[in-house]
2 protein chains.
Amino acid sequence: MKTTFGEYIRLLRNENELTLTQLAAKLNLDSANLSKIENGKRDFDEKRLPKLAKIFKLNLKELRNEYVTDQIGKHIYETNCTKQLLQVAEEKAEYRRTLNKSLQTQ
Amino acid sequence: MKTTFGEYIRLLRNENELTLTQLAAKLNLDSANLSKIENGKRDFDEKRLPKLAKIFKLNLKELRNEYVTDQIGKHIYETNCTKQLLQVAEEKAEYRRTLNKSLQTQ
DNA sequence: TAAGACTTGTCATTTTTTGACAAAAATAAA
DNA sequence: TTTATTTTTGTCAAAAAATGACAAGTCTTA
């Protein structure tokens with residue numbers, strides 16, 4: 001998926017010929033706010049992923065992957081993180097994993 | 001740097017033989033909260049990076065890189081983002097960059 | 001054990017995010 | 001054009017999250 005999560009929602013919504021109001025209702029959401037989400041002016045709330053998956057019959061894990069990569073992609077973008085630095089960030093994530101592991105054994 | 005940002009601060013503090021109270025004062029911060037930061041129970045506030053750089057005579061840009069990679073590393077860790085997904089996230093960051101570029105020309 | 005250093009818990013304040021509504025703009029249909 | 005519908009934008013109160021501050025605890029070490 002090479003779009004933002006908001007654009008992805010819009011794509012799904014259009015494919016299924018729903019209006020903002022209709023999808024927003026299914027998501028327990030104001031249509032104005034859904035519009036902002038689709039236009040990248042607000043974030044989609046992670047809590048609603050299961051509902052979203054159900055509405056469009058998507059695999060929740062895959063949808064969550066779309067969501068997570070969007071969020072981290074946004075983070076990378078907003079911090080001007082280069083590929084080189086991203087490599088460092090990944091190493092630090094790995095370090096946290098080992099930290100956590102050694103915590104568990106104790 | 002293969003530590004968390006909190007551990008890094010502790011390292012710097014110890015190298016310079018400062019107590020929590022002393023460093024906290026220099027940072028306009030409560031020593032209890034600095035303790036939490038060093039132990040990864042709170043985040044260091046980005047606003048204080050310039051002060052931190054000054055105190056330990058560090059290059060601000062490099063320090064910010066340490067900070068950013070820590071934050072993104074934490075994000076990667078907390079979302080269980082695999083290397084494969086991280087690659088996707090990076091592509092999405094790139095996509096946002098192109099989005100932004102085309103916005104600028106218009 | 002006494003002092004200083006550090007940690008933990010709690011809570012009020014501040015900041016950020018979210019939900020909700022109104023109204024404007026854009027789009028489409030008559 | 002006018003009218004209806006959809007979408008966007010702005011605003012603001014409420015909810016949630018982050019931060020500052022303080023008290024009381026533990027740990028170190030002199």
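The chains referred to below are lettered A, B, ... by the order of the sequence lines, with proteins before strands, and numbering in each begins at 1.
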Visitor: Looking only at the side chains, is there a donor atom on one of E62(A) and Y67(A) sitting less than 3.5 Å from an acceptor on the other?
Guide: no

Visitor: Tell me the interatomic distance from D45(B), atom CG, to dT16(C), atom P, rounded to whole angstroms.
Guide: 9 Å

Visitor: Taking atom CG of D70(B) and atom CZ of R96(A), what is their separation to the nearest 0.5 Å?
Guide: 4.5 Å

Visitor: Any idea which of dT11(D), dT7(D), dA21(D) is nearest the R42(A) side chain?
Guide: dT11(D)

Visitor: Heavy-atom nearest nucleotide on DNA chain C for L20(B) versus R48(A): which residue maps closer to 5'?
Guide: L20(B)

Visitor: To the nearest Å, give me how far apart CG (L34(B)) and C1' (dC22(D)) are.
Guide: 16 Å

Visitor: From the list dT8(D), dG9(C), dT19(D), which nucleotide is the closest neighbour of the side chain of K36(B)?
Guide: dG9(C)

Visitor: Side chain of D43(A), heavy atoms from C-beta onward: which of dT18(C), dT7(D), dT10(C) has the nearest atom to it?
Guide: dT18(C)

Visitor: Please round to the nearest 0.5 Å and tell me the distance separating atom CZ of F56(B) and atom CG of L11(B).
Guide: 9.5 Å

Visitor: Take atom CZ of R13(A) and atom P of dT5(D), then tell me their distance rounded to the nearest Å.
Guide: 17 Å

Visitor: Just how far, in rounded Å, is P of dG9(C) from CG of D30(B)?
Guide: 16 Å

Visitor: Of all the choices, dT9(D), dG19(C), dT8(C), which nucleotide is nearest to the side chain of K41(A) once you look at every atom?
Guide: dT9(D)

Visitor: When you get a sec, tell me which of dT8(C), dG20(D), dC21(C) is the closest nucleotide to the side chain of N33(B)?
Guide: dG20(D)

Visitor: Rounded to the Å, how far apart are E17(A) CD and dT5(D) P?
Guide: 18 Å

Visitor: What integer distance in Å separates I9(B):CD1 from dC6(C):P?
Guide: 14 Å

Visitor: Would you say a side-chain N or O of S35(A) is under 4.0 Å from OP1 or OP2 of dT7(D)?
Guide: no

Visitor: Does OP1 or OP2 of dT8(D) have a side-chain N or O of N39(A) closer than 4.0 Å?
Guide: yes

Visitor: Using a heavy-atom cut-off of under 4.0 Å over every strand shown, decide if T19(A) touches base, sugar-phosphate, or nothing.
Guide: sugar-phosphate

Visitor: Verify whether one side chain among Y8(B) and E38(B) offers a donor that lies under 3.5 Å from an acceptor in the other.
Guide: no

Visitor: Take atom NZ of K47(B) and atom P of dA18(D), then tell me their distance rounded to the nearest Å.
Guide: 13 Å

Visitor: Whole angstroms only, please: what is the CG-C1' distance between L27(B) and dT19(D)?
Guide: 15 Å

Visitor: Do the charged groups of R10(A) and E15(A) touch, with an N to O distance under 4.0 Å?
Guide: no

Visitor: Nearest to the side chain of R10(A), which nucleotide is it out of dC22(D), dT7(D), dG19(C)?
Guide: dT7(D)

